[in-house]
Amino acid sequence: MTPSPPATQARIDTALFSASRIRERVDEIAAGIATDFGDDCRIVAILKGSFVFVADLIRQLSERNVHPVVDFISLSSYGAGTESCGTATVRGELSLSVKGRRVLLIDDILDTGVTLQTARQLLLDNGAADVRTCVLLDKPARRVVPIKADYVGFTIDDVFVVGYGLDHDNRYRHLPYLATLSLTAP
Ligand code: IMP
Ligand code: MG
């Protein structure tokens, strides 16, 4: 009988961005958004990966007297692997109307672009007047769909990253920093 292949093991490598570096950068992004949007800021964040980023961002916005209305949509394009499957499935509906609104769409990371593009189109189909996009991380090397984010935290190489809300197979979201993940045979 052929033995089954050894299970893949995930290993957290060195931190890519520390908690304090992330805090600094989130503050800078909030400053840009506050200047561009003023207090008319309707946020739609993509679950699950963006929840930590958005939680910090809205509190930094509040320090700048911007009090956004926040909604979430759930989209997923990954299974248990580290490769996007090429389509994004919308799993939840918008609970607040975006009709006629300027919307700031937020995700954790812009990879192939399929997720952000699908979400952006969903907002436009629901009558949003304008959709700006904001991502904590951008991996331009992997882009399949021609989309650019208006606000980007960090541009990174083609590495798989976990922590600060980003997961691998639903783990590591709790890490306060961002780190690369290696998948190796045991
Ligand atoms: P896209 O549709 O390929 O742009 O993928 C975007 C989604 O894939 C993001 O919302 C993330 O949830 C997930 N993703 C992409 N790259 C990574 C990564 O390096 N770590 C964790 N999740 C990732
Ligand atoms: Mg995601």
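Remember, it's 1-based here, ligands and their atoms both numbered in the order they're listed. We count residues from 1, following the sequence as given.
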If the cut-off is 4.0 Å to any non-hydrogen atom of [X], which atoms of ligand 1 fall inside it?
X	value
V114	2 (O), 4 (O)
T112	1 (P), 2 (O), 3 (O), 4 (O)
D107	9 (C), 10 (O)
V159	19 (O)
D111	1 (P), 3 (O), 4 (O), 5 (O), 15 (C), 16 (N)

side-chain contact (heavy atoms from CB on, under 4.5 Å) partners of R171, counting only residues at least two apart:
none
Listing request: all salt bridge (charged side-chain N to carboxylate O under 4.0 Å, His left out) pairs with a residue in residues 174-184, at least two apart in sequence or in separate chains.
none
Heavy-atom gap [X] to ligand 1 smaller than 4.0 Å:
X	result
K139	yes
I109	yes
G113	yes
L116	no

Heavy atoms only: which of D167, V161, L137 is nearest to atom 19 (O) of ligand 1?
V161
More than 12 heavy atoms from other groups under 6.0 Å of CG on D27
yes
Salt bridge (Lys or Arg N to Asp or Glu O under 4.0 Å) assessment of D130 paired with R42
CA-CA 11 Å; D130 181 41; R42 172 67 61 101; over 6 Å; no
Once you restrict to heavy atoms under 4.0 Å, what part of L166 touches ligand 1? Side chain, backbone, both or neither.
side chain
Donor + acceptor pair across side chains of D56, Q60 (<3.5 Å):
no
Measuring from atom CG of L75 to atom OG1 of T89, what distance do you get when rounded to the nearest 0.5 angstrom?
7.5 Å
Examine distances only and state if a side-chain atom of D71 and a backbone atom of L96 form a donor-acceptor pair shorter than 3.5 Å.
yes
Salt bridge check: are D138 and K148 linked by an N-O gap of less than 4.0 Å?
no
